[in-house]
Amino acid sequence: MFDYLIVGAGFAGSVLAERLASQLGKKILIIDTRSHIGGNAYDCYNEAGILIHRYGPHIFHTNSREVFEYLSQFTQWRSYEHRVLASVDGQLVPIPINLDTINRLYGLHLTSFQLEEFFASVAEPKARILTSEDVVVNKVGRELYEKFFRNYTRKQWDIDPSELDRSVTARVPTRTNRDNRYFTDTYQAMPLHGYTRMFENMLSHPNIKIMLQTDYREIVGTIPYREMIYTGPIDLFFDYRYGKLPYRSLEFQHETVNMPVHQPVAVVNYPNEHLYTRVTEFKYLTGQEHPKTSIVYEYPRAEGDPYYPVPRSENTALYKKYQALADATSGVHFVGRLATYKYYNMDQVVAQALTIYKKLRETENRRSPELDQKLVRVG
């Protein structure tokens, strides 16, 4: 008898498996349909011996000391601050938009104070910020919106930003200084030996059993367990009772290049002329030394593995119908991106899993005295 059957061996499932096994002594069975642990953060060595992220770049960053210290139990870290360039008007310029971006793009020599005035002069103030287009145009005006955001967003989502929730472009700040870091979180680092090694360490507890290439629905009636933690798509769990929740997917085209370095930074965005949205060079992320390098092109797709929930009001309404079913389903805990239909960063998934663990711990602690009393009565 397993105490918990955990569906999905990504961050949410692995964190809960590790906590419940190591802290509460629970017996865990963790199941995944893929042939590996780690979910979308899985990394591996390609045929050339270069460490790559199979499902696109995963950059760890967080402001949560609790999350960083928790993961530090399972990995050493390599300091890494992520930088991105965008291919605009035949130039590679920093994104998020900053002082250097504007000066290079327009051949200017503005100061930070003058850049504030520049943004104010081109911005189109919006009384109400409702869409992704509103967010950008309100800050930096129509021309920069067209150059950096509109086509990139349309490629990524297959929807014009004027029809997308404001949260999509609100994730990307605008700066008046020369800070060209993509993230400004307190903790920015990459697992020293890769994500897969970190997950292996997390799941190495003897109370944790792992089944890969397995659909939980095929074994759920044959393997006894007490409760389930589900991290897969919530609509799939309920057999698409109200219809499918919309997602965007990605196709990854990996390529090994016969040179030590291919591009000037880890990621170059292509907001205009190409079918792909960005190109990532992994050696920047991993710090690996190798005579060759590996890159990946990302092509947004309508079909495939679910990566990005589509943030529109009608989709939120559909999710809430599934959420009501989940709330009414006893003995099953829904955790993670797919199970809660939210575009969480990795650290947010870890934080959510740790919060769920604390609630489960309280429940287990309340349950234990009840079991003790029953045993006394039996005796």
Side-chain angles (χ1 to χ4, degrees), residues 8-19 32 34 36-45 50-85 95-96 171-173 179-204 231 250 252 254 265-269 277-288 294-296 298 305 307-308 335-338 340 342-357:
F11 269 107
S14 297
V15 168
L16 280 160
E18 186 282 324
R19 289 287 83 184
D32 204 291
R34 287 173 168 167
H36 57 75
I37 60 174
N40 291 340
Y42 172 73
D43 52 22
C44 59
Y45 290 90
I50 303 169
L51 184 61
I52 64 169
H53 296 184
R54 179 178 291 180
Y55 305 100
H58 284 70
I59 319 298
F60 186 80
H61 56 98
T62 187
N63 284 316
S64 170
R65 181 174 178 176
E66 178 189 19
V67 167
F68 188 74
E69 289 185 344
Y70 169 73
L71 293 177
S72 296
Q73 298 176 77
F74 312 105
T75 184
Q76 296 173 279
W77 297 98
R78 172 182 177 266
S79 294
Y80 173 75
E81 292 184 328
H82 191 48
R83 287 172 172 81
V84 178
L85 297 175
I95 186 82
R171 294 169 65 92
V172 184
D179 187 352
N180 64 354
R181 297 174 300 163
Y182 200 79
F183 307 111
T184 57
D185 300 62
T186 304
Y187 305 97
Q188 300 185 53
M190 297 292 290
L192 183 61
H193 302 293
Y195 284 102
T196 300
R197 179 77 63 84
M198 181 179 73
F199 278 99
E200 288 171 351
N201 292 336
M202 291 173 69
L203 298 176
S204 64
T231 73
L250 292 169
F252 302 102
H254 291 267
V265 291
V267 172
V268 177
N269 285 1
T277 50
R278 62 181 179 176
V279 179
T280 299
E281 186 168 359
F282 293 112
K283 285 167 65 178
Y284 283 97
L285 312 183
T286 63
Q288 182 181 10
S294 182
I295 59 176
V296 65
E298 292 184 36
D305 289 342
Y307 287 105
Y308 303 111
V335 192
R337 265 191 187 188
L338 301 179
T340 57
K342 290 183 176 64
Y343 180 48
Y344 286 132
N345 291 328
M346 292 182 287
D347 67 314
Q348 294 172 310
V349 175
V350 174
Q352 185 194 38
L354 291 174
T355 299
I356 296 296
Y357 161 69

Nearest atoms (heavy-atom pairs only) where [X] meets [Y]:
X: Ala9; Y: Ser14; result: O-OG, 3.1 Å
X: Ser204; Y: Asn201; result: OG-O, 2.9 Å
X: Pro96; Y: Pro173; result: CB-O, 3.1 Å
X: Gly8; Y: Thr231; result: CA-OG1, 3.4 Å
X: Ala353; Y: Ala12; result: CB-O, 3.9 Å

Please check if the side chain of [X] supplies one atom and the backbone of [Y] the other of a donor-acceptor pair under 3.5 Å.
X: Gln352; Y: Val335; result: no
X: Asn345; Y: Asp347; result: no
X: Arg78; Y: Leu285; result: yes
X: Asn63; Y: Asp185; result: no

| Pair Glu298-Thr280, side chain to side chain contact (heavy atoms under 4.5 Å, CB included): steps then yes or no | CA-CA 9 Å; Glu298 292 184 36; Thr280 299; 4.2 Å; yes
[Y] and [X], any side-chain heavy atoms less than 4.5 Å apart:
X: Ile37; Y: Asp32; value: no
X: Thr75; Y: Arg197; value: no
X: Arg278; Y: Pro57; value: yes
X: Cys44; Y: Leu51; value: no
X: Arg171; Y: Tyr343; value: yes

For the [atom1] atom of [X] and the [atom2] atom of [Y], what is their distance to the nearest 0.5 Å?
X: Arg83; Y: Ile95; atom1: CZ; atom2: CD1; value: 15.0 Å
X: Asp305; Y: Arg34; atom1: CG; atom2: CZ; value: 5.0 Å
X: Leu71; Y: Tyr195; atom1: CG; atom2: OH; value: 9.0 Å
X: Thr62; Y: Gln348; atom1: OG1; atom2: CD; value: 8.0 Å
X: Met202; Y: Glu200; atom1: CE; atom2: CD; value: 12.0 Å

| task | Apply the ring-ring contact (aromatic ring centres under 6.0 Å, His included) test between His61 and each candidate in Phe68, Phe183, Tyr80; give the one that qualifies. | result |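 Between His61 and the candidates, ring-ring contact (aromatic ring centres under 6.0 Å, His included) is satisfied uniquely by Phe183.
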| Worked verdict on Phe282 versus His254 for side chain to side chain contact (heavy atoms under 4.5 Å, CB included) | CA-CA 11 Å; Phe282 293 112; His254 291 267; 3.9 Å; yes
Looking only at the aromatic ring of each residue, does the gap between the centers of [Y] and [X] stay below 6.0 angstrom?
X: Trp77; Y: Tyr187; result: no
X: His53; Y: Phe252; result: no
X: His58; Y: Phe60; result: no
X: Phe11; Y: Phe199; result: yes

| message | Pairing donors with acceptors under 3.5 angstrom, does anything connect the side chains of Thr196 and Asp43? | response | yes
| task | Determine, step by step, whether Tyr45 and Gln288 satisfy the side-chain hydrogen bond (donor to acceptor under 3.5 Å, both in side chains) criterion, reporting the C-alpha distance in whole Å, the side-chain angles of both residues, the deciding distance to 0.1 Å, and the verdict. | result | CA-CA 11 Å; Tyr45 290 90; Gln288 182 181 10; 5.5 Å; no
| said: With a sphere of 6.0 Å drawn around CD of Gln76, does it hold more than 12 non-hydrogen atoms of other residues, nucleotides or ligands? | reply: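 Not buried by this count: 12 neighbours or fewer within 6.0 Å.
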| task | Evaluate side chain to side chain contact (heavy atoms under 4.5 Å, CB included) for Glu81 paired with Asn180, printing each intermediate quantity in order. | result | CA-CA 10 Å; Glu81 292 184 328; Asn180 64 354; over 6 Å; no
| Please walk me through it: do Tyr308 and Leu250 pass side chain to side chain contact (heavy atoms under 4.5 Å, CB included)? | CA-CA 9 Å; Tyr308 303 111; Leu250 292 169; 3.6 Å; yes
| task | May I ask you to decide if the ring planes of His82 and Tyr182 are parallel, tilted or perpendicular, using 30° and 60° as cut-offs? | result | perpendicular
